[in-house]
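This report refers to the structure that appears directly beneath it.
Note that the structure is a prediction, hence the values are computed from the model and not measured. So you know, we letter chains A, B, ... as the sequences are listed, proteins then strands, and number each from 1.
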Protein chains: 2
Amino acid sequence: MADIVANETRDKPRSAVGREGVLNVAARLFRDHGYGGVSLRKIAGAAGIKAGSIYYHFGSKDEIVAAILDEGILAVHENMRRAIEEQPANAGAEALLRAAIGAHLRALLDVSDYSSANVRIFGQVPQSVRDANLPTRRAYEAEWDNLLSRLLDAGALKAGLDIRRLRLMLIGALNATLEWFDPDRGSADALAQTYADVFLHGILAQQET
Amino acid sequence: MADIVANETRDKPRSAVGREGVLNVAARLFRDHGYGGVSLRKIAGAAGIKAGSIYYHFGSKDEIVAAILDEGILAVHENMRRAIEEQPANAGAEALLRAAIGAHLRALLDVSDYSSANVRIFGQVPQSVRDANLPTRRAYEAEWDNLLSRLLDAGALKAGLDIRRLRLMLIGALNATLEWFDPDRGSADALAQTYADVFLHGILAQQET
DNA sequence: TAACATAACTAACATACGTTAGGCATGGCG
DNA sequence: CGCCATGCCTAACGTATGTTAGTTATGTTA
């Protein structure tokens with residue numbers, strides 16, 4: 001107690017941009033302009049520092065990108081896991097899937113620049129960077145596979161569905177939204193509802209005849 | 001016998017790569033490595049010529065990319081339009097949609113390097129190149145909107161569906177396949193069947209109670 | 001054979017990029 | 001006060017890129 005309690009700005013010299021500032025700016029730039037469209041000089045400029053200074057915080061451009069990719073997956077994963085946990089214990093398959101779809105889509109469109117940057121640039125970065133991101137990615141995929149498998153085993157999903165393929169289709173479809181979503185045409189929540197409607201029940205009018 | 005009858009390679013000097021050869025090679029490279037990952041020197045090298053020679057056929061790198069983007073849309077469009085036309089006049093909504101989905105997916109995964117290159121790099125090219133591709137793109141989108149509208153008006157689709165949004169979701173989902181499709185795990189045709197099953201009827205087991 | 005267009009080549013340019021080395025200011029701590 | 005780590009700056013490097021200008025080889029045509 002003798003020592004002064006560390007205050008909230010303990011290790012943040014007032015005017016410093018810092019590692020986190022660089023990452024935040026870089027994530028937004030990568031999301032907006034892709035991997036090849038963003039140079040270290042542009043990142044530095046947007047952050048209010050000079051290009052060389054970035055090397056105080058990072059060893060290379062790829063190290064920045066790798067950090068953003070990892071953080072991006074962690075953010076969606078966290079968002080999705082919490083959404084599932086918050087569901088009541090007796091929640092049905094429909095409610096669980098709606099929660100997961102909504103969480104993933106909101107992470108991309110509303111919550112995290114890192115998540116949207118990940119989706120945007122993953123296919124553009126060098127192989128080594130992709131590989132570095134794979135473990136984090138696999139963990140998130142496993143979370144989905146786990147959810148889908150439980151629902152399949154419980155008989156809530158159509159029998160015979162391939163879990164892996166279904167997960168790829170689902171996440172791929174949701175991620176693609178990033179390329180055309182326009183908040184002026186409707187909220188991310190509303191869009192998530194539509195996705196859930198389509199994926200859970202299909203688009204054909206029920207014609208039992 | 002005086003003159004040799006013009007043979008099938010009439011205007012193709014034997015060793016010439018030509019504009020088309022450059023485009024073919026470039027489309028494949030762009031599809032595999034993205035826009036930023038492919039330089040003119042790499043295109044030239046893969047085509048068997050030198051970088052400067054490309055400027056005999058094209059005025060700039062962007063001109064190559066623009067040509068590939070347009071040709072890519074034309075190829076899917078053609079493929080999809082023919083698939084619809086080949087359906088019998090009394091074909092139902094399900095058959096028409098299955099045909100369209102299959103045609104789009106096969107164009108991407110089996111038929112055309114140009115189409116897959118388009119999907120892969122559209123989000124990475126300069127704004128001006130994107131803009132140049134927009135008219136061609138809009139025509140293809142209109143083809144889909146036309147199909148979906150007819151089915152909606154006929155009562156075959158769930159009432160209240162937004163055509164534009166539905167088209168974006170559908171094409172987006174199909175295009176995303178390009179990032180994970182592996183021919184060793186199943187054919188494009190089989191995958192198209194699965195997409196159709198999911199989109200038309202959903203993934204939930206029918207539980208009327 | 002002479003003339004010509006086609007399709008390529010060589011060599012160089014300016015620019016932008018990732019990266020490095022060394023220097024300068026600030027603020028906490030002994 | 002003096003020390004030292006933190007966080008940034010300046011200046012330059014080598015390399016890769018898109019692009020240009022001038023040249024050469026080849027096949028067709030008159």
Side-chain angles (χ1 to χ4, degrees), chain A residues 2-26 29-30 33-68 121 124-129, chain B residues 2-26 29-30 33-68 121 124-129:
Chain A
D3 294 312
I4 298 173
V5 175
N7 62 23
E8 68 284 0
T9 61
R10 187 160 46 99
D11 38 15
K12 288 181 190 171
R14 201 27 61 94
S15 71
V17 173
R19 182 184 157 98
E20 202 164 340
V22 172
L23 279 181
N24 287 335
V25 161
L29 286 177
F30 281 130
H33 304 105
Y35 177 74
V38 177
S39 67
L40 288 183
R41 284 169 177 81
K42 280 179 184 158
I43 296 175
I49 64 177
K50 296 303 166 66
S53 307
I54 289 183
Y55 284 80
Y56 177 76
H57 300 289
F58 303 93
S60 69
K61 182 185 185 183
D62 286 352
E63 201 175 304
I64 300 179
V65 177
I68 290 176
I121 70 175
Q124 312 177 19
V125 303
Q127 188 76 37
S128 60
V129 179
Chain B
D3 292 314
I4 298 173
V5 175
N7 60 23
E8 67 287 359
T9 60
R10 186 161 46 97
D11 39 15
K12 288 180 189 171
R14 199 30 59 88
S15 71
V17 174
R19 183 185 156 100
E20 201 164 340
V22 172
L23 279 181
N24 287 336
V25 160
L29 286 177
F30 281 130
H33 304 106
Y35 177 75
V38 176
S39 67
L40 288 183
R41 282 170 178 81
K42 280 179 186 159
I43 295 175
I49 63 177
K50 297 302 166 64
S53 308
I54 290 183
Y55 283 82
Y56 176 77
H57 301 288
F58 303 93
S60 69
K61 182 185 185 184
D62 286 352
E63 202 175 304
I64 299 180
V65 178
I68 291 176
I121 69 175
Q124 312 177 19
V125 303
Q127 187 75 37
S128 60
V129 179

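Counting all heavy atoms, side chain and backbone alike, B:Ala46 lies closest to B:Leu29 at CB-CD1, 3.9 Å. Here the closest heavy-atom approach between residue B:Val17 and residue B:Val22 is recorded as CG1-N, 3.9 Å.
Taking the side chain as every heavy atom from C-beta outward, A:Leu40 and A:Ile43 approach each other to under 4.5 Å. Counting heavy atoms from C-beta on, the side chains of A:Tyr35 and A:Lys61 come closer than 4.5 Å.
In this model, the phosphate group of C:dA8 is approached by a side-chain N or O of B:His57 to a distance below 4.0 Å at OP1 or OP2. Here B:Tyr56 does not reach the OP1 or OP2 of C:dA8: none of its side-chain N or O atoms lies under 4.0 Å away.
Going from atom NZ of A:Lys50 over to atom C1' of D:dT10 covers 8 Å, rounded to whole Å. As rounded to whole Å, 13 Å separates atom P of D:dC8 from atom CZ of A:Arg19. Taking atom CD1 on B:Ile64 and atom P on D:dT17, their separation rounds to 14 Å, with Å as the unit.
Heavy atoms of other residues, nucleotides or ligands lying less than 6.0 angstrom from NE2 of B:His57 number more than 12.
When both pairing distances are held under 3.5 Å, D:dA30 makes a Watson-Crick or G-U pair with C:dT1.
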Response to the item:
Scoring nucleotides 12-24 of chain C by protein non-hydrogen atoms under 4.0 Å (B base, S sugar-phosphate only, - none) yields B----BBBB----
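Rounding to the nearest 0.5 angstrom, the gap separating the CZ atom in A:Arg19 from the CD1 atom in A:Ile64 is 9.0 Å.
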